[in-house]
2 protein chains.
Amino acid sequence: MQTTFSAPSRPAITEAVLDEPSSNRLAEVFAALSDPVRLRLFSLIAARPEGACACEMVGPVNRSQPTVSHHLKALEAAGLLSRERRGRWIWYQVDRSGLRDAASLLDCC
Amino acid sequence: MQTTFSAPSRPAITEAVLDEPSSNRLAEVFAALSDPVRLRLFSLIAARPEGACACEMVGPVNRSQPTVSHHLKALEAAGLLSRERRGRWIWYQVDRSGLRDAASLLDCC
DNA sequence: AGTATATATTGATATCTATCAATATGAAGG
DNA sequence: CCTTCATATTGATAGATATCAATATATACT
């Protein structure tokens, strides 16, 4: 079970030096957010509490369908999105737990 | 002037879709944090309020001196570190304003 | 079954990046 | 000036990645 008020899962980056496993994991999350197209896709989905359909995203980011598919897969693999099929469509939602580590790391600012 | 309690400089990612310039800028910050070695370097510096000397960092990250120099340059270029020469040594400190945009983006979690 | 639509995979390519050895620069001290 | 020490730059290379066209898969509808 997971309460709404759970503490940050990592100390802020000013509090302790990252060990190697933590660096590796966090680098994955940041890598997923390190491409402008992926950031924009993530943003398009995050801005909607109900999530968004992959079919709506080719236009806004101005990339081919395979490229969009590739990026969405990367975001999901990093634990930043969850995927659900609804008939012919795939719906994505932000996975907030995936973001939490990265966010708590930067909490010092 | 900049108060200690200044508001986040960007809305959280759940509040508004990122425009292209914002995506580009933020992707740069995340890209700087997307390598495990760079994250660890950043962490080594961030953990010390007085900053850290480049000369102390080759050992902990287990990379050659040119590689460390290369990564520190990348972190500085992304606006995440400030640099100061002291005699033969270069001292780095975290530039918190550089982090603030990225942090506020993830504030939703 | 056959067609249309949404998404994924494959294969190819151009660009980027992490890394190191070798070398250069720059500062301090004799 | 010459040497030493700290850092930066250059040049090379192996591996990653962003992209698309072509094709495959999966679902829905008739």
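All chains are named by letter (A, B, ...) in the order of the sequence lines, taking the proteins before the strands, and each is independently numbered beginning at 1.
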Visitor: For the side chain of A:Gln65 and the base of C:dA6, is some donor closer than 3.5 Å to an acceptor across the two?
Guide: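 Side chain to base: no pair below 3.5 Å.
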Visitor: Can you tell me how far P of C:dT7 sits from CD of A:Glu84, to the nearest Å?
Guide: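 It is 13 Å, rounded to the nearest whole Å.
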Visitor: How would you label the contact of B:Arg38 with the nucleic acid (heavy atoms, under 4.0 Å): base, sugar-phosphate, or nothing?
Guide: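 Sugar-phosphate only.
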Visitor: Closest-nucleotide mapping onto DNA chain D: is B:Cys53 or A:Pro66 further toward the 5' terminus? I mean the 5' end.
Guide: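 Looking at DNA chain D, the more 5' nearest nucleotide goes with B:Cys53.
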Visitor: Would you mind reading off the distance between B:Arg83 atom CZ and D:dT7 atom P, rounded to a whole angstrom?
Guide: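 Rounded to the whole Å, the gap is 10 Å.
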Visitor: What is the distance from CZ of A:Arg88 to C1' of C:dT3, rounded to the nearest Å?
Guide: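 The answer, rounded to whole Å, is 10 Å.
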Visitor: Could you check how far CZ of B:Phe30 sits from P of C:dC16, rounded to whole Å?
Guide: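 In whole Å, C:dC16 P and B:Phe30 CZ are 22 Å from each other.
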Visitor: If you assign B:Ser34 and A:Val68 each to the DNA chain C nucleotide with the nearest heavy atom, which residue ends up on the more 5' nucleotide?
Guide: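 Counting from the 5' end, the first nearest nucleotide belongs to A:Val68.
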Visitor: Side-chain N or O of A:Lys73 less than 4.0 angstrom from OP1 or OP2 on C:dT7?
Guide: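 No, outside the criterion.
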Visitor: With rounding to the nearest 0.5 angstrom, report the CZ to CG distance, B:Arg10 to B:Asp101.
Guide: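 So the gap between those two atoms works out to 4.0 Å.
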Visitor: Could you tell me whether the side chain of A:Leu81 reaches within less than 4.5 Å of the side chain of A:Asp95, counting heavy atoms only?
Guide: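 No, their side chains stay 4.5 Å or more apart.
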Visitor: So, do A:Arg63 and A:Val58 sit near enough that their side-chain heavy atoms are less than 4.5 Å apart?
Guide: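 Side chain of A:Arg63 against side chain of A:Val58, heavy atoms only: no contact under 4.5 Å found.
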Visitor: Salt bridge between A:Arg25 and A:Glu28, side-chain N to carboxylate O under 4.0 Å?
Guide: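 Yes, A:Arg25 and A:Glu28 are salt-bridged.
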Visitor: Which part of the nucleic acid, if any, lies within contact of B:His70, taking any heavy atom under 4.0 Å across all strands shown: a base, the sugar-phosphate backbone alone, or nothing?
Guide: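 Contact class for B:His70: base.
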Visitor: Just the rounded figure in Å: distance from P of D:dT27 to CD1 of A:Ile90.
Guide: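 Between P of D:dT27 and CD1 of A:Ile90: 9 Å.
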Visitor: Atom CH2 of B:Trp89 and atom CD of B:Glu84: how far apart are they, to the nearest 0.5 Å?
Guide: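 Taking CH2 in B:Trp89 and CD in B:Glu84, the distance rounds to 13.5 Å.
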Visitor: Please state how far atom CG in B:Asn62 lies from atom P in C:dT19, giving the value in whole angstrom units.
Guide: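 After rounding, the gap between these two atoms is 10 Å.
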Visitor: Give the nucleotide from the list D:dA6, C:dA6, C:dA27 with an atom nearest to the side chain of B:Trp89.
Guide: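 Minimum distance to the B:Trp89 side chain belongs to D:dA6.
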Visitor: Side chain of B:Asp35 only, heavy atoms from C-beta on: which candidate in C:dT7, C:dT19, D:dA8 is closest?
Guide: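 Between C:dT7, C:dT19, D:dA8, the one nearest the side chain of B:Asp35 would be C:dT19.
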Visitor: Under 4.0 Å between a side-chain N or O of A:Arg63 and OP1 or OP2 of D:dT19?
Guide: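 Yes, such a contact exists.
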Visitor: So if I take every side-chain heavy atom of B:Val37 and compare against C:dT19, C:dA6, D:dT27, which nucleotide ends up nearest?
Guide: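 Selected nucleotide (nearest to the side chain): C:dT19.
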Visitor: Figure out the CZ/C1' separation between A:Arg86 and C:dT7, and round it to whole Å.
Guide: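 That distance rounds to 16 Å.
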Visitor: Any side-chain N or O of A:Thr67 below 4.0 angstrom from OP1/OP2 of D:dC20?
Guide: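 Result: yes.
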Visitor: How many Å lie between CG on B:Leu39 and P on C:dT17, as a whole number?
Guide: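 Going from B:Leu39 (CG) to C:dT17 (P), I get 16 Å.
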